[in-house]
Amino acid sequence: MHRWSRLFIPTLREAPADAEVASHKFLVRSGYIRQLGAGIYSYLFLGQRSINKIIAIVRQEMDRIGQEFLLPGIMPSEIWKESGRWTGMGQNMFRLQDRKGAELCLGMTHEEVVTDIARKELRSYKQLPQIWYQIQTKYRDEPRPKAGLLRVRTFIMKDSYSFDLDEAGLDLSYKKHDQAYRAIFTRCGLSFVAVEADSGAMGGSQSQEFMVYTDAGEDLIVSCPKCGYAANLEKATSRLERVDELASTGDGKPELVHTPGKASIADVAEFFQILPAQDIKTVAYMAEVRDGKKTTWEPVVAFLRGDHSVNETKLAGVTKASELRPMVAEELEKFFGGPAGYLGPIGLGVSKHLHDRGVNVILDKSLEGRENMVAGANKFDYHYRNVTPGRDFGWTVSADIRSVAEGEACPLCGSPLKIGKAVEVGHIFKLGNRYTDVMGARVLDPNGKEVTPIMGCYGIGIERILTASIEQNNDTNGFWLPRAIAPFDVVVTVTNISDAKLLATGEEVAGSLEAAGFDVLLDDRDERAGVKFKDADLIGIPYRINVGKKAAEGKVELVTRARASSEDVVLGEVAQRLASQ
RNA sequence: CGGGGAGUGGCUCAGCCUGGUAGAGCACCUGGUUCGGGACCAGGGGGUCGGAGGUUCGAAUCCUCUCUCCCCGACCA
């Protein structure tokens with residue numbers, strides 16, 4: 001039994017000044033964590049207990065499908081150079097040198113390490129499939145750590161890696177993880193959604209994120225309340241309603257119109273008395289393209305419906321850009337011949353294929369088949385009308401490069417879509433042979449033919465489970481965790497320890513609860529009752545047994561933190577009663 | 001990396017504009033009274049005012065540089 005009077009649980013009456021989100025405030029106030037530096041935290045007694053419970057659940061579910069390893073937290077640069085990520089991963093990696101000057105890095109992820117093991121040890125298809133996992137601290141030099149434990153520079157991650165002979169095998173490993181993750185997050189008491197995710201520049205084929213809705217989240221999730229469709233905004237699509245086309249004017253060809261001072265979509269729409277959807281939006285970028293060792297910057301111009309917004313993740317995916325930045329004025333002048341506000345598609349030197357000479361013009365699919373639109377004329381204070389894509393201008397690639405907006409129709413069932421903020425707690429990812437191939441992992445298949453195993457990787461942010469849970473379960477007085485991940489199941493509060501009888505009763509109750517298998521914290525501090533109640537409400541423990549006034553009648557109170565409800569329980573029945581909660 | 005904000009006792013902050021040698025509340029220690037929703041009274045301990053340099057008779061306060069933290073953006077296999 002843990003006696004509060006002897007523990008270090010530094011609760012704070014006030015939230016630290018630099019905390020913004022609820023989980024951050026409460027984690028600090030409740031004495032779970034203390035900050036050492038930006039994105040660097042110590043986990044104190046309560047925090048560590050909660051983390052341990054989360055890890056135990058993750059471990060238990062993962063052991064059903066895989067094998068736990070412990071991998072190095074520090075590693076030589078060579079394997080990263082082999083995979084091409086020594087430069088590719090760039091700035092997010094903590095790098096260091098040993099005394100001989102050799103380059104090392106702190107482990108931010110372990111694909112290279114497990115692939116190195118795989119290539120040295122795996123010889124035959126008979127050894128496949130393999131699922132290896134680790135639960136370890138990872139180090140990432142985040143450009144901007146924030147929101148307490150939500151985005152940090154050192155954190156605990158469950159990462160697993162699967163090796164399979166073929167796609168069918170990978171499908172199975174992926175599916176196993178999907179199921180394990182659902183079991184894990186369910187057991188942790190989280191309300192979560194699995195969403196389609198962007199596979200990124202990794203070239204993976206399929207990817208799913210496990211998200212918990214909260215305003216503290218950094219991701220935007222598009223979902224359909226009707227059919228269950230859910231996707232990261234970076235990936236989401238929607239069904240669009242047909243837009244009424246404008247009637248053509250004059251001879252039907254693009255007509256130059258003087259539009260003094262009309263530099264925004266809204267102004268132009270008002271000027272022409274049209275809908276923004278009848279206007280063409282032009283967004284101009286310079287894209288960084290890495291081709292092996294060579295890095296070049298190419299012009300990329302996106303055309304979209306006036307009422308749509310460009311989705312840079314999609315655009316980067318389509319153009320294979322490692323980075324996108326808006327064009328500066330000189331570049332606009334160079335490629336368009338006109339200034340921002342009056343950019344348009346007519347007269348651009350369009351490249352035939354991506355990365356060819358010329359401007360990479362990416363047309364959003366929603367503009368295909370449209371006609372008589374309004375667009376900038378690449379001339380200060382002028383626009384065109386009667387602009388018809390295909391007839392009046394061409395493009396390099398047509399693709400979905402826009403962001404879905406709230407209320408648009410679900411791509412599956414047509415119901416209005418919702419958009420909400422969420423935290424990513426897990427991610428499963430079909431990697432393919434990207435690492436196994438370049439690092440030379442090969443096995444012989446049943447025909448004696450050499451094949452490259454294909455990989456999947458699967459991560460869970462341990463602290464994010466705790467953080468997300470707090471975000472979901474808090475009020476002004478504190479938070480409550482589900483029993484499965486709370487540092488203690490129950491706190492037994494003795495309202496006045498100077499009453500020896502009362503203290504003895506509290507110890508007896510705590511002892512009986514412990515005997516019944518509960519994790520019990522006995523609040524035997526020499527504090528006033530009010531202080532103890534406030535602390536108990538603050539620190540995330542789901543139940544409180546109050547040993548006070550009614551003890552004389554042989555009763556205690558069972559307080560359920562989530563509902564702030566209280567019921568009297570006869571002394572002998574406490575364990576039984578709690579177990580039935 | 002761009003923009004904004006903040007560093008004063010353990011915590012939350014005032015003082016800075018208009019220089020005169022540091023304060024409040026909470027926390028902590030001692031004694032007493034209290035004891036079911038963060039008690040009260042009395043006494044007490046604790047601060048290189050983030051750091052360095054400069055201006056000045058005198059700097060928490062003015063100037064320069066620098067470090068750190070927070071927020072927005074960029075970024076985020």
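Residue numbers start from 1 in every chain, and the chains themselves are labelled A, B, ... in the order their sequence lines are given, proteins ahead of strands. What you see is a predicted model; the values in this text were computed from it and never measured.
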### Message
Applying a 4.0 Å non-hydrogen cut-off, can you work out what A:Arg34 is touching in the nucleic acid: base, sugar-phosphate, or nothing?
### Response
nothing
### Task
Could you tell me whether A:Tyr181 and A:Phe210 have their ring centroids closer than 6.0 angstrom?
yes
### Message
So, using ring-ring contact (aromatic ring centres under 6.0 Å, His included) as the criterion, who are the partners of A:Phe69 when residues are at least two apart?
### Response
A:Trp132
#### Entry: Nucleotide nearest A:Arg528 (side chain, heavy atoms from C-beta), chosen from B:rG37, B:rC35, B:rA77
B:rC35
### Task
Would you mind classifying the nucleic acid contact of A:Ala19 as base, sugar-phosphate or nothing, using non-hydrogen atoms under 4.0 angstrom?
nothing
### Task
Compare the minimum distances between each of B:rA74, B:rC69, B:rC35 and the side chain of A:Ala38, then state the nucleotide with the smallest one.
B:rC69
### Query
Nearest to the side chain of A:Arg544, which nucleotide is it out of B:rG37, B:rA77, B:rA74?
B:rG37
### Message
Mind checking if A:Asn546 touches a base, just sugar-phosphate, or nothing, with heavy atoms under 4.0 Å?
### Response
base
#### Entry: Within residues 1-14 of chain A: residues closer than 4.0 Å to RNA chain B (heavy atoms)
A:Leu12, A:Arg13, A:Glu14
### Task
Just call it for A:Met157: base, sugar-phosphate, or nothing, with non-hydrogen atoms closer than 4.0 Å on any strand.
base
### Query
Between the side-chain atoms of A:Asn477 and the base atoms of B:rG37, is any donor-acceptor pair under 3.5 Å?
no
### Task
Determine: side-chain N/O of A:Arg140 to OP1/OP2 of B:rC76, distance under 4.0 Å, yes or no.
no
### Task
Just grab all the side chain to side chain donor-acceptor pair (under 3.5 Å) pairs involving residues 452-466 of chain A, residues at least two apart or on different chains.
A:Tyr43-A:Glu463, A:Ser162-A:Tyr458, A:Arg442-A:Thr452
### Query
Given the P atoms of B:rG50 and B:rG31, what is the spacing between them in whole Å?
36 Å
### Message
Salt bridge or not between A:Asp568 and A:Arg577? Use side-chain N to carboxylate O under 4.0 Å.
### Response
no
### Side chain A:Arg151 and base B:rC76 donor-acceptor under 3.5 Å
yes
